[in-house]
Amino acid sequence: MKTSRLGQIGVPAAIISVVVMMVVPLPAVFLDLLIVCNLALGVMTLLSAMYVERPLDFSIFPSLLLIATMFRLALNVSATRLVLTDGYAGAVIESFGHFVVGGSIVVGLVIFLILVVIQFIVITNGAGRVAEVAARFTLNAMPGKQMAIDADLNAGNITDAEAIQRRRDVAAEADFYGAMDGASKFVKGDAMAAIVITIINLFGGFLIGVAQQGLDIGEAIQRYSLLTVGDGLVSQIPALLISVSSGLIVTRAASEMDMGSDFLHQFGRQVQAMRIASVALAVLGLIPGLPKLPFFVVGGVLWIVAGRSATSQLVAPEPVVDLVAAGPNPDSPEAIASDMRVDPLELEIGFALMDLVDPGRGGDLLDRVRALRRKVAMEIGIVIPPVRTRDNVDLPPNAYVVRVHGVEVGRGDAPPGVVLVLGDRPAGIPGTETRDPVFGMDASWVPAEFARQAESAGATVVDRASVVTAHLAEIVRLHAGRLLSRTDVKLLVDAVRHSDPVVAEELTGAGLTLADVQRVLQGLLDEHVTIRDLVR
């Protein structure tokens with residue numbers, strides 16, 4: 001409650017105060033405090049941009065960018081007023097000026113201009129372009145993402161609440177990148193304003209010092225250039241941090257880790273690249289005239305890091321998941337009878353699909369199959385039997401087979417490390433042509449690392465588990481009549497007898513058996529007519 005109250009009152013009051021700062025003169029001591037706060041805001045924003053796992057976790061960033069820009073410009077206006085009126089703008093600005101100028105005004109101005117060029121030409125332009133492209137691609141990809149959500153919902157992979165949340169995320173992502181496209185213009189305008197304010201401080205201070213205060217030309221240049229450089233630095237350093245934060249946010253891809261962890265994890269896998277770079281640096285160190293120590297030290301460090309990374313990647317092979325529970329002695333009558341039994345619905349998978357059913361490797365296929373039973377029950381009105389899922393070494397490694405009463409009715413492939421892109425594959429993305437196992441439409445298997453790029457280009461991307469689940473759901477709908485057993489019919493009739501006893505009595509009085517009812521219901525299901533409203 002306290003945090004909510006602070007956000008409702010404190011933040012709007014702070015924004016209004018920023019606007020007031022542009023008009024009301026500030027004491028030099030108070031200006032020093034606000035300059036330090038501005039620097040702290042830049043550092044916190046940069047660190048927050050590095051630690052978020054996805055851009056939407058920092059969705060307030062476009063608004064924060066505007067507020068930080070206003071705050072920085074208000075500080076510039078306040079500092080300019082003090083510089084031109086008193087010839088003094090606080091200890092922080094003066095200290096920055098002395099520290100950087102170091103007795104040379106030219107050096108200070110050059111450093112300030114370099115910072116402005118870095119921010120304006122390099123970081124701000126790049127971040128603005130990335131934000132513009134990201135906004136365009138995100139809007140183009142919205143229909144495909146909505147179709148993927150609908151496909152998962154229809155296949156029973158997600159609930160209605162999860163579908164609503166995912167649709168909200170898609171809309172929020174489009175709004176975020178659209179806002180970032182506009183907010184990047186604030187940073188560009190801030191860099192241009194910094195140059196104008198610096199010119200005003202230099203020439204205005206020089207004229208005031210000579211004309212009004214009677215200072216010598218050299219003394220006026222020395223005093224006001226020192227204050228101008230100090231003011232420019234204390235404003236441009238936080239501005240540079242905010243610009244870098246903006247670039248990090250818009251260039252960040254979806255991940256389950258923060259940027260630092262991603263950096264170490266992904267670079268740690270490039271063992272061969274580190275070893276080649278180490279050898280290349282050692283060869284450069286042998287060239288006459290070049291200093292050997294830096295090349296040999298860095299090359300040796302890279303070689304050691306590559307060796308440690310290679311050692312950490314040598315892990316034990318992952319155990320194979322046993323999908324069929326251990327039973328009695330295989331030669332016992334019970335085991336033989338169990339082997340003779342034909343399951344109504346079976347899903348057999350090849351060895352390469354074992355990761356889809358192993359929770360230790362993030363596999364959730366079994367959970368999706370269980371969710372599918374409820375989804376189908378709500379659609380066609382029958383509870384399908386439990387799906388017996390097991391591995392089959394006789395299958396090709398990437399294949400899976402669906403059987404109804406022991407007869408194969410569907411087969412497909414789900415190679416590891418790829419996703420299925422429906423329709424035409426976007427240009428520039430590698431992949432293997434195939435056909436969608438559910439509807440038979442053109443599709444492509446694309447490496448998983450290109451999934452986000454394909455989504456940004458507007459393609460519909462489906463993961464391997466969703467492909468298998470959707471195929472299984474379609475087969476269940478096509479063969480629902482064969483899956484409706486006599487026991488299922490009895491359960492349905494008992495449910496009718498409990499809710500509408502009159503209907504059940506008429507059914508009994510007509511002399512209809514369960515077999516008669518089963519044949520009627522199977523005929524309806526074969527014609528794709530739902531029997532959920534069984535009473536009617």
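Only this structure's heavy atoms are used, side chains among them; waters, hydrogens and symmetry mates stay out.
- Distance check: Leu366 CG to Thr469 OG1 gives 9.5 Å after rounding to the nearest 0.5 Å.
- When atom types are taken as modelled, the side chain of Arg275 and the backbone of Val279 share no donor-acceptor pair closer than 3.5 angstrom.
- The line from CG of Leu484 to CG of Leu521 is 6.0 Å long, rounded to the nearest 0.5 Å.
- In summary, Asp413 and Arg435 do not engage in a salt bridge, as defined by a charged side-chain N under 4.0 Å from a carboxylate O.
- Nearest heavy-atom pair across Pro426 and Val421 is CD-CG1, 4.2 Å.
- Ser48 places a side-chain N or O within donor-acceptor distance of the main-chain N or O of Met44, the cut-off being under 3.5 Å.
- Closest of all the heavy-atom pairs between Val404 and Arg482 is O-NH2, 3.4 Å.
- The two atoms that bring Ile475 and Gly410 nearest to each other are CD1-CA, 3.7 Å, heavy atoms only.
- Using a 4.5 Å heavy-atom cutoff, the side chains of Leu420 and Leu422 are in contact.
- Here the side chain of Arg390 pairs no donor or acceptor atom with the backbone of Glu348 at under 3.5 angstrom.
- At least one donor-acceptor pair under 3.5 Å links the side chain of Thr530 to the backbone N or O of Glu379.
- Considering every non-hydrogen atom in both Ser278 and Gly300, the closest pair reads OG-N, 4.4 Å.
- In this structure, CG in Leu347 is found 8.0 Å from CG in Leu345, a value given to the nearest 0.5 Å.
- Within the model, atoms NE2 of His479 and NE2 of His405 stand 10.5 Å from one another, a figure rounded to the nearest 0.5 Å.
- With hydrogens and angles left out, the side-chain atoms of Asp169 and Gln165 include a donor and acceptor closer than 3.5 Å.
- For the pair Val393/Phe351, no side-chain contact is recorded, criterion being any heavy-atom separation below 4.5 Å from C-beta on.
- Of all heavy-atom pairs spanning Trp445 and Val418, the tightest one is CE3-CG2, 3.4 Å.
- Residue-environment remark: CG (Asp526) exceeds the threshold of 12 foreign heavy atoms within 6.0 Å.
- Minimum interatomic distance between Val529 and Leu525 (heavy atoms only, all atoms of both residues): O-CD2, 3.8 Å.
- Between atom CG of residue Leu64 and atom CG of residue Leu41 there is a gap of 5.5 Å, rounded to the nearest 0.5 Å.
- Atom CD1 of Ile276 and atom CG of Leu302 lie 12.0 Å apart (nearest 0.5 Å).
- Taking 4.0 Å as the cut-off between side-chain N and carboxylate O, Asp355 and Arg464 count as a salt-bridged pair.
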